[in-house]
Amino acid sequence: MRKAAQIAGAAAIAAMLLSGCGSSGGNGSDSKPSKTPEAAPSTPGDADKPASPTAIEGAWKAGSDSSPLILVIKEGTVAFSNGHKAACLGKVQTMAGMTMAALKCTDGDTTRTMGTLKPGSDGKTLTVDWKSGPTEKYTKSSDGSVKIPDMPELPSGMPKS
């Protein structure tokens, strides 16, 4: 029963990400204003340091219109969706000096369950090197096509930081 609730929760997040339904609070705005700056550009000396939370937070998209890849990072929680195929949910962690996304996916796929997050110096790109999959370059969604929902508390059994 608990597994079904976890899968349903992750699927609901994926549906919100893909449909553009965010938490607007009924005030007519598309998303809550951020209390932190968009992203701080990294400097060459920062290459060995974990990415700052403000540099990776936000809604990111890659892929194509027919096969979208959506990655949302908010307050240490990360959600990923590859269209309507699967939804993944997890935590952002620092491991061996690198900022990582550790996820569990609804369909059992392990292609995108552990990835190194590397923000671009412009604050508009994020490269994710998936341990068991491809390296993908995401672009920050600033056109309102991807809304950042309120991220739920992760159920037990999810990767921990």
Side-chain angles (χ1 to χ4, degrees), residues 1-23 31-32 34-36 38-40 42 46 48-63 67-120 123-142 145-161:
M1 185 65 127
R2 179 179 279 180
K3 183 78 171 170
Q6 291 172 353
I7 291 170
I13 288 174
M16 285 190 302
L17 295 175
L18 292 172
S19 66
C21 294
S23 172
S31 64
K32 294 180 183 178
S34 174
K35 294 179 184 172
T36 57
E38 281 272 324
S42 61
D46 290 342
D48 296 335
K49 296 180 185 175
S52 78
T54 57
I56 60 172
E57 279 215 1
W60 305 89
K61 55 186 179 174
S67 184
L69 302 174
I70 306 293
L71 189 70
V72 175
I73 302 169
K74 183 177 179 184
E75 298 172 359
T77 300
V78 59
F80 170 81
S81 176
N82 59 349
H84 293 286
K85 300 172 196 145
C88 307
L89 186 63
K91 295 295 266 177
V92 174
Q93 304 176 21
T94 301
M95 297 178 191
M98 295 181 285
T99 303
M100 307 287 291
L103 302 147
K104 277 193 177 182
C105 298
T106 57
D107 65 354
D109 185 14
T110 59
T111 304
R112 293 180 179 94
T113 55
M114 183 64 69
T116 305
L117 305 171
K118 300 173 190 170
K124 296 177 183 175
T125 60
L126 178 69
T127 301
V128 183
D129 183 8
W130 297 106
K131 183 177 179 182
S132 299
T135 297
E136 297 166 331
K137 188 172 186 176
Y138 292 79
T139 304
K140 193 160 212 168
S141 175
S142 57
S145 63
V146 179
K147 308 282 191 291
I148 301 176
D150 289 331
M151 296 296 228
E153 287 294 318
L154 293 177
S156 62
M158 294 299 289
K160 296 185 181 187
S161 53

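For reference, positions follow the sequence shown, starting with 1.
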Minimum side-chain heavy-atom gap Lys91-Thr77 below 4.5 Å:
yes

Say you draw a straight line from CZ of Phe80 to CG of Leu89; how long is it, rounded to the nearest 0.5 Å?
13.0 Å

Heavy-atom closest pair, residues Arg112 and Pro134
NH2-CG, 3.9 Å

Within this structure, what is the CD-OG1 distance for the pair Gln93 and Thr99, rounded to the nearest 0.5 Å?
10.5 Å

For the residue pair Gly76 and Glu57, what are the closest heavy atoms and their distance?
N-OE2, 4.2 Å

Residues that Asp129 engages under side-chain hydrogen bond (donor to acceptor under 3.5 Å, both in side chains), provided they are two or more places apart:
Thr135

Hey, is the main chain of Thr116 close enough, under 3.5 Å, to the side chain of Lys131 for a donor-acceptor pair?
no

If you look at every heavy atom in Pro119 and Ala51, which pair is closest and at what distance?
CD-CB, 3.6 Å

Where the side chain of Glu136 meets the backbone of Ala62, is there a donor-acceptor pair that is under 3.5 Å apart?
no

Spell out, as yes or no, whether a donor-acceptor pair under 3.5 Å connects the side chain of Thr106 to the backbone of Ala87.
yes

Are Leu69 and Tyr138 close enough, and set up right, to give a side chain to side chain contact (heavy atoms under 4.5 Å, CB included), and what steps lead you there?
CA-CA 8 Å; Leu69 302 174; Tyr138 292 79; 3.9 Å; yes

Can you list the residues that meet the side-chain contact (heavy atoms from CB on, under 4.5 Å) rule with Thr113, with sequence neighbours excluded?
Cys105, Thr110

Can you sort out the partners of Ser132 under side-chain hydrogen bond (donor to acceptor under 3.5 Å, both in side chains), two or more places apart, ordered by chain and number?
none

Val78 side chain reached by Val72 side chain, heavy atoms, under 4.5 Å
no

State the OG-CG distance between Ser81 and Leu71, to the nearest 0.5 angstrom.
10.5 Å

Contact summary for Met114 and Met95, nearest pair of heavy atoms:
CE-CE, 3.8 Å

Taking side chain as C-beta onward, heavy atoms only, is Thr127 less than 4.5 Å from Leu117?
no

For side chain to side chain contact (heavy atoms under 4.5 Å, CB included), just list the numbers for Leu126 and Lys137, CA-CA rounded to whole Å, side-chain angles, deciding distance to a tenth of an Å, and then say yes or no.
CA-CA 6 Å; Leu126 178 69; Lys137 188 172 186 176; over 6 Å; no

